[in-house]
Amino acid sequence: MRNSLRATAAGAVGLGLYSWQIEPHWVEIIPQTMPLVGLPAALAGRRIVQVSDLHVGEAVDNDYLRATLRAIADLKPDYLALTGDFMTANRFEHLDRVMTTLAEAPIAEVPTFACLGNHDFGKRFRDREIADRLTDRLDSAGVRVLRNASVEIDGLQWAGSGDLWAGECDVWNALDTIDTSRGAILLAHNPDIADVRGYRDFRGWILSGHTHGGQVRFPLLGSPVVPVKNRRYKRGHVRLDASRDLYVNRGLGHSLQVRLLARPEVTVYTLAQA
């Protein structure tokens with residue numbers, strides 16, 4: 001009996017150490033094919049690398065973030081997609097650290113697009129002054145922040161929504177200039193955006209983060225806490241309908257340093273003609 005209890009206690013301690021010290025920094029590279037209607041033939045085979053939920057601040061080891069972003073160059077991206085929650089801050093205290101952290105990524109070498117997440121609006125997710133200042137800093141570093149806006153480069157259509165929890169989401173305006181005869185990529189931090197109105201005839205992919213993949217998953221039970229209304233949108237690829245796909249990236253950072261069966265993720269999409 002004692003030996004059994006000791007083994008159970010040792011297992012619990014080992015699992016605790018793993019979920020605290022190992023998995024939160026054990027990044028998984030996920031390959032994903034991205035078929036798009038009307039994709040120019042010259043873009044087939046090009047790569048988009050998605051990074052989400054850095055949560056730069058006190059909770060996340062900055063050396064880990066910098067090393068991960070530095071390694072992105074080895075993935076040979078043609079485009080970068082950054083899907084929000086750059087920091088966890090009350091006000092402006094982590095803006096400089098966000099920029100020095102992102103400087104490790106190959107932003108200067110490839111077109112980089114972004115949307116903001118709820119934590120980029122401060123502690124209560126509603127302070128637009130913080131989000132505006134972060135947007136300005138990102139834009140000045142070469143990151144095109146799309147807040148209910150769209151842009152086209154190399155024949156590839158990009159759009160970005162304002163954050164849902166911050167009250168900025170406006171899919172109608174985000175997609176206003178999109179040519180719906182061709183596929184597009186919509187960056188939206190919170191995957192619940194897939195269920196809001198305003199898509200009209202949008203065809204393409206929605207790239208999100210926000211959930212951290214549930215962050216803690218128990219065998220058979222799943223994740224007890226997932227910050228979305230639609231629990232289909234926990235992680236990974238979700239086929240929404242015949243014309244729309246959603247991908248939920250598990251993110252790199254965390255608010256609390258613990259992960260279990262939800263490793264941090266960098267997603268590598270290979271463009272293909274649909």
For Arg182, look at atom CZ and say whether over 12 heavy atoms of other residues, nucleotides or ligands are found less than 6.0 Å away.
yes

Looking at Arg239, I'd like to know if its CZ atom is crowded, meaning that more than 12 non-hydrogen atoms belonging to other residues, nucleotides or ligands lie closer than 6.0 Å.
yes

Do [Y] and [X] meet the salt-bridge criterion of a basic N to acidic O distance under 4.0 Å?
X	Y	result
Asp127	Arg91	yes
Asp154	Arg46	yes
Arg66	Glu104	yes
Glu109	Lys76	no
Arg250	Asp53	no
Arg232	Asp192	no
Asp78	Arg47	no
Asp241	Arg244	yes

In a check of side-chain contact (heavy atoms from CB on, under 4.5 Å) between Val216 and each of Val258, Leu261, Leu256, which one passes?
Val258

What's the shortest heavy-atom distance between Leu240 and Ala194, and which atoms?
CD1-CB, 3.9 Å

Nearest heavy-atom neighbours spanning Pro35 and Thr33:
CD-O, 3.5 Å

Below 6.0 angstrom between ring centroids: does that apply to [X] and [Y]?
X	Y	result
His55	His119	yes
Trp20	His25	no
Trp165	His189	no
Tyr269	Tyr79	no

Here's one to test your reading of the geometry: is the NZ or CZ of Arg200 within 45 degrees of the ring axis of Trp172 and under 6.0 Å from its centre?
yes

